[in-house]
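See below for the structure under consideration.
Start at 1 and go down the list; that is how both ligands and their atoms are numbered.
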Amino acid sequence: MNIDETLDFPRYSKSLDFDALEKEYPPPPEFFQSVYRMPRPALRALQEKRFLKLIARGWEIPFFKKRWTAAGLQPGDIRSLDDITKIPPYTVHDTRESIEAFPPFGDFMGIEIGGKNAQPLVLHTSGGTTGMPRPMLYTPQDRETMAILGARRYAMQGMRPGDKVLAALSLGLSNGGFALRDTIWKYIGAIPVMTGGGNTTATRRQIEIMKNWGIDIICSFPAYLRHMAIVARDELNIDPRTLGVRALHSHIGIEDRAKMEALWNAPCYDMYGTNESGMMACECTHQNGMHIMEDAVILEVADPETGKILPEGEKGTIYITTLYRSGAPSIRFNVNDISALMPAGCACGSTLRRLDRIFGRNDNMVKLRGANVFPEAVGVAVAEDARSNGEFFCIVDRVGEDQRDEMTVMVELLDLATDAEAVKENLERRLKEVTGVRMTVQPVARGELDAYTGTSQTSKIKRLLDKRKSAV
Ligand SMILES: [Zn+2]
């Protein structure tokens, strides 16, 4: 074999001006003295400068150029941040179409692959529930800024240098565990312990690791945090509260935070991020809304039907605009997560606006006899009942001669023989109160739903099967 000695191998260390990046997007602790407390007018000016640069970049990327031109826009039409509403939003269906038309990466990345000016790239994917997962490429600028934004989150939520952090997050195609590792290793000085989900390291072993290595902090998703606590308590006879875990970093949404905190005797912090855009908003220790990293992203909340931008306090779907991404930026990406903006003024003193928790995914919403039901809301009602371990699965179907829409909620009970009847009755009443529609509760034994949900194995947990759709 001949070695081609003339090849240019792109080097990570030469791919970025790291000092300049840290000035632009300060990591902690500089973050706390700058962006975190920046007066609103200065923040707005910074956003506008970055926004206009992003728009110029957008015109270079075929996906945006085509869509914007079709909407009647020309370069120069977007002159200020106020003009953002002129830009047509897009959804995951549009990026999927782009990938189909221009395989394998679509025409929305704007990244040169190979060739003279190639950069070192990594690839992760968004959760594909059907077919191939959607690939996303990250340039060094994207990757490094995402790590800095993540570090702001962990610093805000009390992580310290030297903390041993259990990363019970996906180590597969998705970003989960890898983004965490980049973040805390490079910008916090904490030690990532990469156990992955239950399919990478068995849950019992994860608990032994916590105990023997003195894990300080756990990063995972709520269902697995709950699963680990219950396995420790019921299978290993270890009270999770005695393990000395100082904090849980998770994505809580509308899960029952108090119950999770009681299980572990540790605070549990919320955040909002996506595979494409990284960590965008997170709670401070006041746990009262998630501060948006406004120097790096713009989050708008829009009416899901009309697209009209909603004022603070009103719930709608989130539009993401990433100000920091050089490759594959999001520019008014309708991500279909439901939340609301909160008024400024957190007790922590930050000037960064806050996002309310994520109430659910708009495309998860089930129409049931005229009511809109989020499986996430069903989960909250289930988690309230201490006789359940919080595991549930919803099946929607048309039944009977009249083809009536019915939802059955299967719920795992810790002690099926003793509690089945009472839980069925209580929970059916509670679900009617919470959602406005009657559904059937079917208590099942512990572990029985894992084949449906995948909780013990993966972070892509399933909560719903709508047989009305799969029958079509
Ligand atoms: Zn705060």
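- Checked for salt-bridge contact, R160 and D163 miss the test: no charged N lies under 4.0 Å from a carboxylate O.
- Ring centroids of H124 and F178 are separated by less than 6.0 Å, placing the two rings close together.
- The existence of a salt bridge linking D295 and K49 is excluded, since no basic side-chain nitrogen approaches an acidic carboxylate oxygen closer than 4.0 Å.
- H291 and E283 are not linked by any side-chain donor-acceptor pair at a separation below 3.5 angstrom, with hydrogens and angles left out of the test.
- The Zn ion (ligand 1) has C284 SG, H291 NE2, C346 SG, C348 SG as its protein N, O or S neighbours under 2.8 Å.
- One finds a salt bridge joining R353 and E312 here, because a Lys/Arg side-chain nitrogen approaches an Asp/Glu carboxylate oxygen to under 4.0 Å.
- In summary, E294 and R50 do not engage in a salt bridge, as defined by a charged side-chain N under 4.0 Å from a carboxylate O.
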